[in-house]
Amino acid sequence: MSFTLATWNINSVRLREDIVAKLMADEAPDVLCLQECKSPVEKIPQEQFQSLGYTHMVARGQKGYNGVAIFSKIPMVEAGAEDYANLGHARHIAGKLENGVTVHNFYVPAGGDVADREVNEKFGQKLDYLAEMRDAFHKDAPKKSILVGDLNIAPREDDVWDHKKLLKVVSHTPVEVEALAEVQDAGAWVDVTRTDIPDGKLYSWWSYRAKDWDVADKGRRLDHVWATPDIAGAAHGSRVLRDARGWEKPSDHAPVFATFDL
DNA sequence: ATGGTCGCATCGCGA
């Protein structure tokens, strides 16, 4: 069977219910992973999504901040949720699809403005979160798994609009890039997006602060689709739906897609 | 070099 998965930092699922529904109607991924839902689970607007065929949901939520959800047309059993670095934040949810594939949906801490844990506690929390992700995948090797989400790190030079200008900017510092590589190595995760689209600039986020985001194109690839080696070869058709960044009242992130033929 | 924009626990904070 074949299924398509998308990941999207939605920046409030309640405010943007209609563009989530638009994505579901127009693009119809079988599985849609959202981050920054900014909603308690019980206030996630499920009715419209169910009517579009997304009859299965697993989610973790909190009021105002964070929050992750997986909507699926494929039956799903919840496999769990972790609170890495003990932040008490809703940043991870995992679901197991009935085809045996486990989907991990992450919202890694952004890390604040200063890339120094001595003066910026949030940066330390980001590094701690990544270290605990690494340790968890090292301890329990993932199989038949997909990891997606807003990882808040753009690892490659061509994942940012200007590598040199961003070397000291949180999301592209060498220490973060190394920490993300350690997570990836620990689970033997394959970067599906960059396997499919190996060359050229590729972004999934553009700041709200640039009114001419499309022309200026000062983007970063913060949103990722990874898979374990046993299913990574089945992946194809990766893309960023850049158009969605220009929709009415947009999120500052665009959805990232991949299809798996299993 | 600075400030710029969003969303919500809304006039401060996180992104």
Side-chain angles (χ1 to χ4, degrees), chain A residues 7-23 33-45 59-69 83-92 105-117 119-130 148-155 159-162 164-173 175-177 179-180 203-224 242-256:
Chain A
T7 178
W8 195 12
N9 178 318
I10 194 61
N11 187 17
S12 176
V13 68
R14 287 149 73 189
L15 189 72
R16 280 182 247 290
E17 176 182 355
D18 287 348
I19 62 169
V20 173
K22 176 178 169 58
L23 186 89
C33 298
L34 299 181
Q35 303 87 36
E36 276 208 272
C37 297
K38 294 186 172 178
S39 173
V41 173
E42 65 273 15
K43 289 192 173 178
I44 293 174
R60 284 288 179 274
Q62 59 187 95
K63 230 193 275 181
Y65 298 95
N66 310 314
V68 285
D83 179 22
Y84 296 123
N86 292 310
L87 300 175
H89 296 174
R91 296 184 177 276
H92 171 255
N105 180 17
F106 278 100
Y107 175 49
V108 170
D113 289 332
V114 183
D116 178 353
R117 69 185 308 155
V119 296
N120 171 20
E121 183 188 28
K122 289 189 181 61
F123 194 72
Q125 290 175 348
K126 182 177 196 175
L127 296 179
D128 291 347
Y129 194 94
L130 291 162
V148 306
D150 178 2
L151 305 185
N152 266 313
I153 296 170
D159 290 337
V160 295
W161 65 278
D162 190 318
K164 285 187 177 175
K165 281 194 173 73
L166 290 175
L167 273 171
K168 292 180 177 177
V169 174
V170 173
S171 74
H172 192 61
T173 64
V175 62
E176 291 169 86
V177 171
L180 188 67
Y203 315 136
S204 64
W205 173 88
W206 296 261
S207 172
Y208 282 127
R209 296 177 190 180
K211 276 288 142 196
D212 57 346
W213 72 272
D214 196 20
V215 176
D217 201 21
K218 294 182 175 179
R220 307 177 201 170
R221 188 173 70 102
L222 304 179
D223 303 276
H224 298 267
R242 184 182 171 115
D243 276 3
R245 180 60 180 80
W247 288 352
E248 188 76 17
K249 289 271 272 171
S251 166
D252 45 356
H253 294 252
V256 182

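Numbers restart at 1 for each chain; the letters A, B, ... are given by sequence-line order, proteins then strands.
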Atom [atom1] of [X] and atom [atom2] of [N]: how far apart are they, to the nearest Å?
X	N	atom1	atom2	value
A/H253	B/dG7	NE2	C1'	13 Å
A/W213	B/dA15	CH2	C1'	18 Å
A/L222	B/dG14	CG	P	19 Å
A/R209	B/dG14	CZ	P	14 Å
A/L151	B/dA15	CG	C1'	16 Å
A/D113	B/dT5	CG	C1'	14 Å
A/K63	B/dG12	NZ	P	20 Å
A/I44	B/dC8	CD1	C1'	16 Å

> Do other residues, nucleotides or ligands put more than 12 heavy atoms under 6.0 Å from the CD atom of A/E42?
Replying inline: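 Above 12, so yes.
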> Is the A/F106 ring parallel, tilted or perpendicular to the A/Y84 ring (thresholds 30°, 60°)?
Replying inline: parallel
Rounding to the closest angstrom, what is the interatomic distance between [N] and [M] at atom [atom1]?
N	M	atom1	result
B/dT5	B/dT10	C1'	15 Å
B/dT2	B/dG7	C1'	24 Å
B/dA1	B/dG12	C1'	25 Å
B/dG3	B/dC8	C1'	22 Å

>> Counting the atoms with a prime plus P, OP1 and OP2 as sugar-phosphate, which does A/K218 contact under 4.0 Å by heavy atoms, base, sugar-phosphate, or nothing?
In response: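 If one applies the 4.0 Å heavy-atom cut-off, A/K218 turns out to touch nothing in the nucleic acid.
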>> Under 4.0 Å, counting only non-hydrogen atoms across every strand here, what does A/R220 touch: a base, just sugar-phosphate, or nothing?
In response: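 No contact at all - A/R220 keeps every heavy atom at 4.0 Å or more from the nucleic acid.
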>> Ignoring hydrogens and geometry beyond distance, is a side-chain donor-acceptor pair present between A/S171 and A/E176 at under 3.5 Å?
In response: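 A/S171 vs A/E176: no donor-acceptor pair found between side chains.
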> Just by distance, with hydrogens left out, do A/N152 and A/Y129 show a side-chain donor and acceptor under 3.5 Å apart?
Replying inline: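 There is no such pair between these side chains.
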>> Here's a test of your reading of the structure: between A/S12 and A/N9, which maps to the more 5' nucleotide of DNA chain B?
In response: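 Upstream on the strand: A/S12.
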> On DNA chain B, nearest-nucleotide positions of A/P250 versus A/N152: which is more 5'?
Replying inline: A/P250
> Out of B/dT5, B/dG14, B/dG7, which nucleotide sits closest to the side chain of A/R16?
Replying inline: B/dG7
>> As a test of reading the structure: which of B/dC6, B/dA15, B/dG7 is closest to the side chain of A/K211, going by heavy atoms?
In response: B/dC6
> Side chains of A/R117 and A/D128: closer than 4.5 Å at any heavy-atom pair?
Replying inline: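 Heavy-atom side-chain distance check passes, below 4.5 Å.
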> Hey, is the side chain of A/K38 poking within less than 4.0 Å of OP1 or OP2 on B/dA15, counting only N and O atoms?
Replying inline: no
